[in-house]
Each structure stands twice: as C-alpha cells, then as structure tokens.
Amino acid sequence: QVQLVESGGGLVQPGGSLRLSCAASGFILDYYAIGWFRQAPGKEREGVSCISSSDGSTYYADSVKGRFTISRDNAKNTVYLQMNSLKPEDTAVYYCAATWDYGLGDNLGRADEYDHWGQGTQVTVSS
C-alpha cells in the first residue's frame, strides 16, 4: 500500500526556517517524482516544489525560489523541503505527493499529475 507521511510542520516566526519531511512506504521512491504542494484557507492548492527521478530536474514556484530547497534521499525513501526566510504568506497546509516519473518535463509542478497524496502538515508563519 502506497503511503506518504509528512512531518516537520509547526509555528515559526517570520524569517525563520522549517524542514518538512515526506516518508514514503509501499513503493520504491527511485522511480517516482515527488512534489510538495500547499493550500491556504480559501485558496486553491498550488505547487511549491517538485523533484524528478528520471533526470533530477526540479520545479519551484516563483514565490519560493531562493528560499526553499527540495531534496531526496532514496536510500531512506524520504524527500525533504527546506524552507528558509519564511513569510506569513507561506502559511498553509503542506502536502507531499508522488507519481510514477515517466518523464514529466514541464508538467512536473502540476498537481493533477500526482496520484498519491499524504495527509498534510500545517505550517504557520506568524509573530
């Protein structure tokens, strides 16, 4: 059974950092693209950062470029999202998702390409 479990969310002050983890089980991460998405109250789910397995390419939303870094440790079947210089507008529920990486290319950041989703972890940036 494919399962994704996020952790690492919490309350942080503006300018602070958090590292989210997405632990995968039931499948081998090596062949899957992994994405981080977020949804704030009243807003649509948006792609934050994604990483391919086929060619190592990454996707970052413009709003997080230079502040967030995605990485994967296939040996641990885990993907990370390092979030620095957090802003109040980063407040949302963050989800990780996985999909078989057939060569997503420009579709890497599209939520509708992903088949398996975690339950989400809350990130709140507030003073």
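This chain uses plain numbering: 1 for the first residue, then up along the sequence.
In the hydrophobic cluster analysis, where Ile, Leu, Val, Met, Phe, Trp and Tyr join through side-chain heavy atoms closer than 4.5 angstrom, Val48 is grouped together with Leu18. Side-chain heavy atoms closer than 4.5 Å link hydrophobic residues (I, L, V, M, F, W, Y) into clusters, and following such links, even through other members, never connects Val5 to Val93.
Under the rule for a side-chain contact (heavy atoms from CB on, under 4.5 Å), the partners of Val125 that lie at least two apart in sequence or sit in another chain are Val12, Pro14, Leu86, Pro88, Asp90, Thr91, Val123. For the side-chain contact (heavy atoms from CB on, under 4.5 Å) test, residues two or more places apart in sequence or in another chain that qualify with Glu46 are Arg38. The ring-ring contact (aromatic ring centres under 6.0 Å, His included) check on Tyr102 picks up nothing, with sequence neighbours excluded. Residues that satisfy the salt bridge (Lys or Arg N to Asp or Glu O under 4.0 Å) test with Arg19, not counting sequence neighbours, are absent from this structure. Shown here are the side-chain contact (heavy atoms from CB on, under 4.5 Å) partners of Ser7, two or more places apart in sequence or in another chain: Ser21. Every side-chain contact (heavy atoms from CB on, under 4.5 Å) that Asp115 has, sequence neighbours left out, goes to Thr99. Listed by chain and number, the residues in a salt bridge (Lys or Arg N to Asp or Glu O under 4.0 Å) with Lys43 amount to none (sequence neighbours excluded). Residues that satisfy the salt bridge (Lys or Arg N to Asp or Glu O under 4.0 Å) test with Asp106, not counting sequence neighbours, are absent from this structure. Remark: Arg45 pairs with no residue by the side-chain hydrogen bond (donor to acceptor under 3.5 Å, both in side chains) rule, at least two apart or across chains.
Residues in residues 107-127 take part in these ring-ring contact (aromatic ring centres under 6.0 Å, His included) pairs, two or more places apart or across chains: Phe37-Tyr114, Phe37-Trp117. Within the structure, the ring-ring contact (aromatic ring centres under 6.0 Å, His included) test picks out no pair touching residues 45-68 (sequence neighbours left out).
Between Ser17 and Gln82, the closest heavy-atom pair is CB-NE2, 4.0 Å.
Counting only N and O atoms by type, the side chains of Asp73 and Thr78 include no donor and acceptor under 3.5 Å apart. Judged by distance alone, the side chains of Ser54 and Ser52 do bring a donor and an acceptor atom under 3.5 Å apart.
Glu6 places a side-chain N or O within 3.5 Å of a backbone atom of Gln119 that can act as its donor or acceptor partner. Arg72 places no side-chain N or O within 3.5 Å of a backbone atom of Val79 that could act as its donor or acceptor partner.
Residue Glu44 places its CD atom among 12 or fewer non-hydrogen atoms of other residues, nucleotides or ligands, all under 6.0 Å distant.
A 4.5 Å side-chain heavy-atom check between Leu81 and Thr69 finds every atom pair outside the cut-off.
Distance check: Met83 CE to Ile70 CD1 gives 11.5 Å after rounding to the nearest 0.5 Å. Taking OG of Ser63 as the reference point, atom NZ of Lys87 lies at 8.0 Å (rounded to 0.5 Å).
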Which pairs would a plain distance check flag for residues 23-36, meaning a side-chain donor or acceptor within less than 3.5 Å of a matching protein atom at least two apart in sequence or in another chain?
none

